[in-house]
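Worksheet: one structure, shown below.
Hydrogens, waters and symmetry mates play no part in the numbers below; they use all other heavy atoms, side chains included. A quick note: this is a predicted structure, and the numbers were derived from the prediction, not measured.
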Amino acid sequence: MSIRSILARRSTLLITALLAGLCCAVGCKPPAPPTPQTPAAVPPAGDLPAAQLYAQAQELEHVACDGDAILLARGVNVEDDGPAFGLFDPDAEAGRVVRKDLSDPSLGPYFESLTAAVQARKKLLVPSLSADSASLLLFAARAGGGPLLIRVNGQPVRFDPRDASATTQPDRPVVGPRWWQIPVAAALLTVGENAIELRSASDAPGWRLMIAPKAGFGQGTGERAFPGLSERSADGGATWTPEKLGHEGKAAGEYCVRLLLGQYELAGRWTGPVVDLARDADTDRIRHAVTVGAIRGRIVQRTPAGTKIQWWVRSGRLAVAEGDRWSDWAPVQPDDAGEFTVPRPAGRFVQMRARLSTEDPAGSPRILGLTLVGMDVKAAPEPPGRIDVHEFPSARVWRPALSFEAGPLPGRQAAALTRRYGLSDAVRNARTEFELVLRVMRWTRQVGRQGLLMPDSRWIAGTILATRTDQPQSLPCQVVLCEGLATVGVPARIVGFMPPDAPGGPILHAVEFWSCDYDKWVLADAMAGDYFIDESTAAPLGAIELQRRFVQCGCRPGLTGADLKLRVIRDGRQLPADQAVPCWAAGALLLVPRSDFTGKPGTTPLNAVYSPAGWSGYVAWAGPEAVSAGPQVIRRVDRLGDFNWPLCRVQVEVEHGTEPGELLVYLYTQTPSLDTFLVSVDGSEWKPWTADFRWQLVPGPNCLRICERNKARRMGPVSTLTVNYVPPVEQ
């Protein structure tokens, strides 16, 4: 029997799904991605439209969804200063700490003061070009009233700084250094090296261009080497000198100049959800042992000339694609109709992966839908006896497409916080997890009362606590809180906001911690001792929730707790409802995609205490109602589960065994610093347990309670499985 006849009865559903996706493209809202509170379960086999394939994907790299198709992401940012972007002071104490008065940071040594004689040249390497639009992005301060004169590959570019479209923050006055976006005719650009020359119109300094320091590339990235593509001329462009930049000619680095191209990425990758080929074989939430003779499928895709999609497939016995019960990836070659067959899969679960590529950045391949069918599906008979499910765990593990590096503090660092700086005494006898967090916040405020500094820009709590300053800074306090929470077993991370009232100014950082009590990420400001609660439920709010309230109220200045329907809790006391809420939370939301700062000191923003958004490591939230972070931010996510993924849950999968009353139990979790699973059978004491095991039922009610424990010996939420077992009748 051909795949066409097998799928004929599904064609109507597929057409309906594709039409629904087309409606999304012309104005209908596509299906919402799974929230971190209720991640999607394993979808059944069948017709999967593009919107669902995107929403439930396990990996997204340089791809997007326009409603009816998955395609390559559009908008290519060509830059090489991102790893070391940040304000820099070579004369500061301890090497790389900015300690001077930064009322006008553009006067620092790592800004180039442009005149008619002093010029800057930046070379940018464009690997491919087919853009229908292009812009220059540069971080600079307008020091005088004169224009900035620009030449791109020898051709002049008109630029009027009074034009609101020339700045990435057009609604704000142009004060101090900021990102400027300058339209450029794409025809002026070329594949390979492009030279951008900048100067002022007069002999007086009119513009100051920021320099990303060479010394910062080691901190900002572990992979990208210093490119050395910036040059300075002090004689009106007659001669050019590399690595001797700045007004004293002593600064080595890269000018903060970038290109934004209106074209598609050259390549991207999509890894889809795990799909159950045998959902119909189960009548209850306990799965049958199943064999699948073959996978037959159909891919609906469009590959214009010069574009290509390559496909791979893997399969396995278990619902989570990891471990030795899954096959390796194998290539798939669909025929001209998009149909393919995979014989003898490793199990009932299947996962697809695609690599999208184009030789012409003006076009992109498109994935419109996917159909998967299990052939010759055979379920093993249930062993004799009867098992009725009364309670089944609902927790699901969500694997975010974003890679986040988390880890425990090394023993010596954790010991320093707990003993030398009194963290263990501060949290002793905390009765709940949330009380534990509040005590760590209070401890952070106490140890930081004299002012904390980040020596050498290292994000290490013990080093920060050993350094004092009379100019308190926010970010060191947030790092101490983040690592203090990790020490007591509460996962935490650093988030940043671009203040809407000071575009181009420093990012204001805060901490988000995962609350098992509330099953969500919760925002806390270590500097002020603030957290935010909903006025009706008193539940604490996360960063995205708080930002959405500002957006819904128009991000007006002076918004109060009553306006935002929330209350501010500061140092354990509720502020009046008519008091203004700090407006920094109304800014674009950024995430530092790691929290293992002590174990791996590199790959953090250079001098992020003062630096505006430009570090290439930040991940911006770009989902519904998000505040735009601007075109200079390179990495962004638009699915809620990729920014607010859940932690510390235990997903339980259960399968019938071969003997009467035997169940096979499989456990999954996403828990930083996981120590072990804990299991309690029928009310017994908690015992460490393996991730998969056999559970032999006894006649009557049976109860299995499961949770995880991290290396700080903190237990997570409990999942409960309750069944009633009736043994077979003896013959």
Side-chain angles (χ1 to χ4, degrees), residues 60-62 73 75-88 137 139 168-169 177-179 181 210 212-213 216-224 254 256 258 260 400-406 454 457 459 474-475 478-479 482 492-500 502-512 521 523 542-544 547 584-597 600-623 626-640 642-645:
L60 299 171
E61 182 179 343
H62 299 312
V76 177
N77 198 313
V78 180
E79 60 82 25
D80 58 18
D81 64 272
F85 183 94
L87 303 186
F88 185 78
L137 297 175
F139 192 80
T168 60
Q169 297 92 7
R178 59 161 57 233
W179 283 101
Q181 183 171 358
M210 187 174 174
F217 277 77
Q219 175 175 331
T221 177
E223 300 175 355
R224 296 168 61 182
E254 290 293 340
C256 297
R258 305 176 181 181
L260 182 66
L402 168 69
S403 175
F404 187 91
E405 299 179 45
M454 297 181 71
S457 298
W459 293 34
S474 174
L475 181 57
Q478 314 299 344
V479 173
C482 185
R493 62 190 191 180
I494 302 291
V495 294
F497 294 87
M498 296 171 60
I507 294 174
L508 299 180
H509 292 85
V511 171
E512 271 197 311
W521 289 97
L523 184 67
I544 289 179
Q547 185 191 72
W584 50 262
L589 177 58
L590 305 167
L591 172 67
V592 178
R594 59 182 297 252
S595 60
D596 58 338
F597 309 125
K600 185 180 178 183
T603 62
T604 52
L606 176 67
N607 286 328
V609 174
Y610 296 104
S611 297
W615 178 54
S616 53
Y618 278 121
V619 178
W621 166 238
V627 177
S628 173
Q632 75 278 2
V633 177
I634 300 164
R635 305 170 63 192
R636 56 195 75 218
V637 294
D638 59 2
R639 304 187 309 170
L640 187 58
D642 290 340
F643 201 93
N644 277 3
W645 62 94

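- Taking CD of Glu405 as the start and OG1 of Thr603 as the end, the distance is 6.0 Å to the nearest 0.5 Å.
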When you look at Leu591 and Val637, which way does the side chain to side chain contact (heavy atoms under 4.5 Å, CB included) test go after all the steps? CA-CA 10 Å; Leu591 172 67; Val637 294; over 6 Å; no

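- Of all heavy-atom pairs between Phe643 and Ala620, the closest is CE1-C, 4.4 Å.
- Glu512 places a side-chain N or O within 3.5 Å of a backbone atom of Ala543 that can act as its donor or acceptor partner.
- Arg635 approaches Pro593 most closely through the heavy-atom pair NH1-CG, 3.8 Å.
- Distance alone, capped at 3.5 Å, is enough to place a donor-acceptor pair between the Asn77 side chain and the Pro631 backbone.
- Between Val511 and Cys482 the shortest heavy-atom distance is CG2-N, 4.2 Å.
- Side chain of Gln547 to main chain of Gly587: a donor-acceptor pair is present (N/O by atom type, distance under 3.5 Å, no hydrogens or angles).
- The aromatic rings of Trp645 and Trp521 lie perpendicular to each other, with more than 60° between the two planes, well past the 30° mark.
- Residue Phe139 is tested with Met210, Arg258, Gln632 for a side chain to side chain contact (heavy atoms under 4.5 Å, CB included); the sole match is Met210.
- Remark: Gln478 CD to Leu508 CG distance equals 9.5 Å, nearest 0.5 Å.
- Across all non-hydrogen atoms, the minimal contact from Ala586 to Val627 is O-CG2, 3.4 Å.
- In this structure, Arg594 is not positioned above the aromatic face of Trp459 in the sense of NZ or CZ being under 6.0 Å from the six-membered ring centre and within 45° of the axis.
- Smallest separation of non-hydrogen atoms from Asp638 and Trp621: C-CZ3, 3.8 Å.
- Once rounded to the nearest 0.5 Å, the distance linking OH of Tyr618 with OG of Ser616 reads 11.0 Å.
- Closest of all the heavy-atom pairs between Ala588 and Ser628 is CB-O, 3.4 Å.
- Under the 3.5 Å distance criterion, the side-chain polar atoms of Arg493 are left unmatched by any main-chain donor or acceptor of Val592.
- With rounding to the nearest 0.5 angstrom, the SG atom of Cys256 is 6.0 Å from the CH2 atom of Trp179.
- Asp642 contributes a side-chain N or O that, together with a main-chain N or O of Ala401, makes up a donor-acceptor pair within less than 3.5 Å.
- Residue Ile507 holds its CD1 atom at 10.0 Å from CG of Leu475, rounded to the nearest 0.5 Å.
- Between the CG atom in Leu590 and the CZ atom in Arg636 there is a gap of 9.5 Å [rounded to 0.5 Å].
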